[in-house]
Amino acid sequence: QVQLVESGGGLVQAGGSLRLSCAASAASGSIASISAVGWYRQAPGKQRELVASISRAGVTNIADSVKGRFTISRDNAKNTVYLQMNSLKPEDTAVYYCAASPYGSKWHAPPISDFDSWGQGTQVTVSS
């Protein structure tokens, strides 16, 4: 398993931006070698949903609900995956989790059940 630490959450007004970071520990190896790294979010009373993912090959997938506003990227030198969130809306309010999976294809993220390493989560609150 991989040790992941998220950071960058906080309180922001609607229309604002935040960048979340997901750092893999040095002992976990290179984050670039992980088959899939995903950002999930969970709002109160709702199921955890995949927001964005990036494969080992660097192919990214973005959920329709945030497409055009969120991007996912990876900095191999910093062993970190980022989630850039722009034009934030109150409905983006949730706890955001970074997760890693040893499965998944070049083009598609695996199902949530295949993500076996999770960070502790970081709260994002968007005020109207």
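Small disclaimer: the values here were computed from a predicted structure and weren't measured.
Applying the disulfide bond (SG atoms under 2.5 Å apart) test to residues at least two apart or on different chains, the pairs with a partner in residues 9-121 are Cys22-Cys98. Residues in residues 41-94 take part in no disulfide bond (SG atoms under 2.5 Å apart) pair, two or more places apart or across chains. Annotation: salt bridge (Lys or Arg N to Asp or Glu O under 4.0 Å) contacts involving residues 102-128, sequence neighbours excluded, are absent. Applying the salt bridge (Lys or Arg N to Asp or Glu O under 4.0 Å) test to pairs two or more places apart or on separate chains, those with a residue in residues 52-65 are Asp64-Lys67. Pairs passing the disulfide bond (SG atoms under 2.5 Å apart) check and including a residue from residues 25-68, sequence neighbours excluded, do not occur. Identified under the salt bridge (Lys or Arg N to Asp or Glu O under 4.0 Å) test for residues 69-78, with sequence neighbours left out: Arg69-Asp92. Here salt bridge (Lys or Arg N to Asp or Glu O under 4.0 Å) pairs that include residues 19-32, with residues two or more places apart or in two chains, number zero.
Two residues are said to be in side-chain contact when any heavy atoms from C-beta on lie closer than 4.5 Å; Pro102 and Gln1 fail this criterion. Counting heavy atoms from C-beta on, the side chains of Ser35 and Ser101 never come closer than 4.5 Å. Between Tyr82 and Ser73 the shortest side-chain heavy-atom distance falls below 4.5 Å. Contact of the Glu6 side chain with the Tyr97 side chain is registered, since non-hydrogen atoms from C-beta on lie closer than 4.5 Å.
Here the OG atom belonging to Ser65 is positioned 5.0 Å from the CD atom belonging to Glu49, to the nearest 0.5 angstrom.
Checked against side-chain hydrogen bond (donor to acceptor under 3.5 Å, both in side chains), Ser17 has the following partners two or more places apart in sequence or in another chain: Asn86. For Phe115, the ring pair (Phe, Tyr, Trp, His ring centres under 6.0 Å) partners at least two apart in sequence or on another chain are Tyr40. Partners of Glu91 under the salt bridge (Lys or Arg N to Asp or Glu O under 4.0 Å) rule, at least two apart in sequence or in another chain, do not exist in this structure. By the side-chain hydrogen bond (donor to acceptor under 3.5 Å, both in side chains) test, Thr93 pairs with no residue at all, sequence neighbours left out.
No path of Ile, Leu, Val, Met, Phe, Trp and Tyr side chains, each step under 4.5 Å between heavy atoms, connects Tyr103 with Trp118, placing them in separate hydrophobic clusters.
A distance-only check finds no donor-acceptor pair linking the side chain of Asn61 to the backbone of Ala52 [under 3.5 Å].
Across all their heavy atoms, Ser55 and Ser105 have their closest contact at CB-O, 3.8 Å. Scanning both residues, Gln42 and Lys46, for their nearest heavy atoms gives NE2-O, 3.2 Å. Of all heavy-atom pairs spanning Ser21 and Thr80, the tightest one is CB-CG2, 4.0 Å.
Summarising the local packing, CD of Gln3 is surrounded by 12 or fewer heavy atoms from other residues, nucleotides or ligands at distances under 6.0 Å.
Side-chain contacts under 4.5 Å among hydrophobic residues (ILVMFWY), followed directly or transitively, place Val124 together with Val2, Leu4, Val12, Leu18, Leu20, Ile31, Ile34, Val37, Trp39, Val51, Ile54, Ile62, Val66, Phe70, Ile72, Val81, Leu83, Met85, Leu88, Tyr96, Val126.
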